[in-house]
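See below for the structure under consideration.
All values derive from a computational prediction rather than experimental measurement.
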Amino acid sequence: MADLTSSVPTITWDDFMKVELRVGRVLSAEPFAQARKPAYILHVDFGPEIGTRKSSAQITALYAAEQLVGRLVMAVVNFPPKQIGPLMSECLVTGFHNAQGHVALCVPDQDVPLGTRLL
């Protein structure tokens with residue numbers, strides 16, 4: 001196994017705590033017709049403290065829009081809004097590239113309250 005310490009920069013606990021990774025529930029998912037690469041527009045509820053945020057997610061290869069509604073996802077909620085075509089993305093839904101390069105969502109394996117922070 002490769003020694004990652006030589007190629008991966010280290011961060012402090014304070015650095016990690018700057019990233020607000022929160023659990024949200026997908027309220028709706030629709031095709032993002034204006035996107036350059038196939039994507040969905042997701043509306044994600046992060047609970048009363050954060051509210052609902054929009055995101056563009058390039059996850060069409062592994063997920064149908066109707067399969068996403070009601071699912072828990074993990075997202076970064078403290079990036080500044082980013083203009084993606086006509087959409088103002090308000091959070092970054094996280095995932096991992098599989099062997100084929102398609103994005104698999106990063107999700108909690110148990111039900112947790114909306115807005116819960118990853119620690």
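In the hydrophobic clustering of ILVMFWY residues, with side-chain heavy atoms under 4.5 Å counting as a link, I84 and M88 come out apart. Using a 4.5 Å cut-off between side-chain heavy atoms of Ile, Leu, Val, Met, Phe, Trp and Tyr, with links allowed through other members, V19 and I11 fall into different hydrophobic clusters. Residues V73 and I41 do not share a hydrophobic cluster, defined by chaining ILVMFWY side chains whose heavy atoms lie under 4.5 Å apart. The cluster map of Ile, Leu, Val, Met, Phe, Trp and Tyr, joined by side-chain heavy atoms under 4.5 Å apart, puts L114 and M74 in the same cluster. When hydrophobic clusters are built by joining Ile, Leu, Val, Met, Phe, Trp and Tyr residues whose side-chain heavy atoms come closer than 4.5 Å, directly or via intermediates, L72 is grouped together with L118.
Within a 6.0 Å radius of CZ in F16, other residues, nucleotides and ligands contribute more than 12 heavy atoms. Counted within 6.0 Å of CD on E49, heavy atoms from surrounding residues, nucleotides or ligands total 12 or fewer; the atom is thus considered open.
The minimum heavy-atom distance linking R25 with D111 is given by the pair NH2-OD1, 3.3 Å. In terms of heavy-atom proximity, A61 sits nearest to H102 at CB-ND1, 3.2 Å. The two residues S28 and E30 come nearest to each other via the heavy atoms OG-OE1, 3.8 Å. Closest heavy-atom contact between P38 and T60: CB-OG1, 3.3 Å. The shortest non-hydrogen separation linking L92 to F79 is CD2-CE1, 3.6 Å. Contact record, Y40 with Y63: OH-O, 2.6 Å, taken as the closest heavy-atom pair.
Not one N or O on the side chain of R22 forms a donor-acceptor pair closer than 3.5 Å with the backbone of V77. The backbone N or O of G85 sits less than 3.5 Å from a side-chain atom of Q83, completing a donor-acceptor pair. For the pair T116 (side chain) and V23 (backbone), a donor-acceptor distance under 3.5 Å is absent. At least one donor-acceptor pair closer than 3.5 Å links the side chain of E90 to the backbone N or O of K54.
T52 and H43 share no side-chain donor-acceptor pair at under 3.5 Å.
To the nearest 0.5 Å, the span separating CG on L119 from CE on M17 amounts to 5.5 Å. How far CG of L42 is from CZ of R53: 14.0 Å, rounded to the nearest 0.5 Å. Summarising the geometry, atom CG belonging to N78 is positioned 11.0 Å from atom NZ belonging to K18; distances are rounded to the nearest 0.5 Å. The CG atom of D45 sits 5.0 Å away from atom CG of L27, with the distance rounded to the nearest 0.5 Å.
The residue from C106, S56, S55 that alone fulfils the side-chain contact (heavy atoms from CB on, under 4.5 Å) condition with V93 is S55.
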